[in-house]
**Student:** 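Here's a structure for you.
Indexing begins at 1, ligand by ligand and atom by atom, following the structure's order. The shown structure was predicted, so the numbers you read here are calculated from the model rather than taken from an experiment.
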Amino acid sequence: MCGIIGYVGPRATDTVLLAGLWKLEYRGYDSSGIAVVSDNEIRIKKAIGKLKVLADILDKEPLSGSVGIGHTRWATHGEPSPENAHPQVDCSNTIAVVHNGIIENYLSLKEKLIKKKHIFRSFTDSEVIPHLIEKYYTGDLVQAVRRAMDDIEGSYAFAVISTKEPDKIICCKKDVPLIIGIGKGENLISSDTLAVLGLTRKIILLEDYEIGVLTRDKVSIFDKDGKEVERKPSTVNGKALTADMGKFPHFMLKEIYEQPVVIQKNMERMIKHEEFFSLKKFDLSISDGELAKITRVIIQACGTSWHAGYVGKYILEKFCRVHTEIDISSEFRYRNPVLSGETLVMAISQSGETADTIAGIRESKLAFLRVLSLVNVMGSTIARESDDVIYIHAGPEIGVASTKAYTSQLIALHLFSLYFSKLKWLIEEEELHSKLREIELIPEKMQQILDKSNEIVEIARKFHRARNFIFLGRGVNYPSALEGALKLKEISYIHATGYPAGEMKHGPIALIDEHLPVVCVSTKSSVYEKMLSNMQEVKARRGKIIAIATEGDKKIKELADEVFYIPECPESLSPILVALPLQLLAYHIAVLRGLDVDKPRNLAKSVTVE
Ligand code: AGP
């Protein structure tokens, strides 16, 4: 949930660190800070709030030195304050550390260190790290870091600089991402590749328990036994990774508008155009024969990815006739699930770094189950720890609210389900051809929706002052209701609930009155008439209905106060189209409320702690 960066080289250290922190800010922005070694001193600047506050300070008071580290924080322990901002230091201010993760045994470590007269200045868990290194330092910083690692329980990626060995950065990790960027006469560490792209595309992914030692001209990596290991750097495709806002006012809006192109490219990657449309083979280590034997799928994910998985449940059960469970990862990992038989566990994650989803994968592998993951970020922890990965190729998604990754997950789930269904002899060539034809029409239909987004702006204008919203859906669009509610609440801070429409009469209907906007996903479907009845129930209690409906549906106007029409499409594909007006509604309401759409309060793009 935090972003860490380190630099050793000839350039202006604070400038390089700040440039990296700008690329990492989406990971957390409660506070930020940098530390450098300069004239045998550790010098530090910190700031509360968004990174711009630190940038303004450094503008006035630059901070350069031989080596430096930086941090942008999403608070886990200790509120955002100058004391709790990183970097954190030891008693004598000769060791500085930036940390991403959670140290679960920090209280017991802190008590022992205080008994040994260590002076603590913060309420953070991270502050135990520099004090442990100080305690163990007897002339070899790497050894001291190794001993500190042995004491720590939990997850961590941290970087250390010290006046004791002023020309190097030492870094290590466990369960949290950390990369090393290899430059010419300069080297970097970072939480993710985006932050080092400005200086290098040659990177090494540090593995758990390894220690990296960086000087200007050398990078050494030691395994958990202290033995030096050779690691060949990989070269990242910088173009695929760079992200800028272009003409858009926010990354979120840019990413909403990128969806037709992203989906189009994904289809071109997977759909073969011959006499019949067919699917290219998925590049999986599980054989088609093994896959065909799978009788149960467990999908585990968080947030928007969980909503995508929920749609996946409907699709897999409809097309593949396999029993499909959908689990929230933080529940899955602790509920001692029954994991046996011909079961495939599917993890869905945009970032590939969500701690709970990683834990779910590890739980599944302990039960010797195959794990297939849908991931956006290449080389992420989930990608590396799964038996198979289907990359969704959505490109970098910077806005904290997930949009293009969600619809890319849905398309990937559709294509995989059709592939899986074919392996099970449940779909004929002609039927597969017509389903793929329908999928091929989606990007154009998405564009039609985006072209009339002004209608959503009008609806947002009418309802942006509401204090509560309810989103209702049925069947494959019940997850759409959940997703619409999440989008709204996470960027507009309006309380919003997604609900199965048929469930309203069992209690929540008590909430309906003339002040409550109710978004109803009422597109043509096998449960359309049922949705109309639910809308009647809402109308009878003077609820304000905003309907997402299918073009040509006149009946809906008799019930709804506002109607946004989407193009006709098969029921199973409708969540992909429905997502767009719901994303735009949340976006425009948040803008009208004057909020920071790309970096909403209390949130971060990647939840790498549990
Ligand atoms: C979605 O808009 C949120 N940003 C959040 O719920 C997110 O989907 C969730 O944290 C899961 O992230 P992941 O897909 O990277 O695992």
**Student:** Got Glu153 and Ile103 here, is their nearest side-chain heavy-atom distance under 4.5 Å?
**Tutor:**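 Result no, sub-4.5 Å side-chain heavy-atom pair not found.
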**Student:** Tell me if the aromatic rings of Tyr310 and Tyr478 count as close, with their centers under 6.0 Å from one another.
**Tutor:**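 Close enough - the centres of the two rings lie under 6.0 Å apart.
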**Student:** The criterion is ring pair (Phe, Tyr, Trp, His ring centres under 6.0 Å); which residues satisfy it with His307, sequence neighbours excluded?
**Tutor:**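 Not a single residue meets the ring pair (Phe, Tyr, Trp, His ring centres under 6.0 Å) criterion with His307.
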**Student:** Check each protein residue for a heavy atom under 4.0 Å from ligand 1 and list those that pass, ordered by chain and number.
**Tutor:**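 Around ligand 1, where the cutoff is 4.0 Å for heavy atoms, the contacting residues are Cys302, Gly303, Thr304, Ser305, Ser349, Gln350, Ser351, Thr354, Val400, Ala401, Ser402, Leu486, Lys487, Glu490, Val607.
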**Student:** Holding to ring pair (Phe, Tyr, Trp, His ring centres under 6.0 Å), I want the full list of residues that pass it with Tyr419, two or more places apart in sequence or in another chain.
**Tutor:**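 With sequence neighbours excluded, Tyr419 shows a ring pair (Phe, Tyr, Trp, His ring centres under 6.0 Å) to Phe282, given in chain and number order.
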**Student:** With side chains defined as the heavy atoms from C-beta onward, is the minimum distance between Ser329 and Thr354 less than 4.5 Å?
**Tutor:**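 In short, these two side chains do not touch, never coming nearer than 4.5 Å.
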**Student:** Go through the structure and list residues passing ring pair (Phe, Tyr, Trp, His ring centres under 6.0 Å) with Tyr156, not counting sequence neighbours.
**Tutor:**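 With sequence neighbours excluded, Tyr156 shows a ring pair (Phe, Tyr, Trp, His ring centres under 6.0 Å) to Phe158, given in chain and number order.
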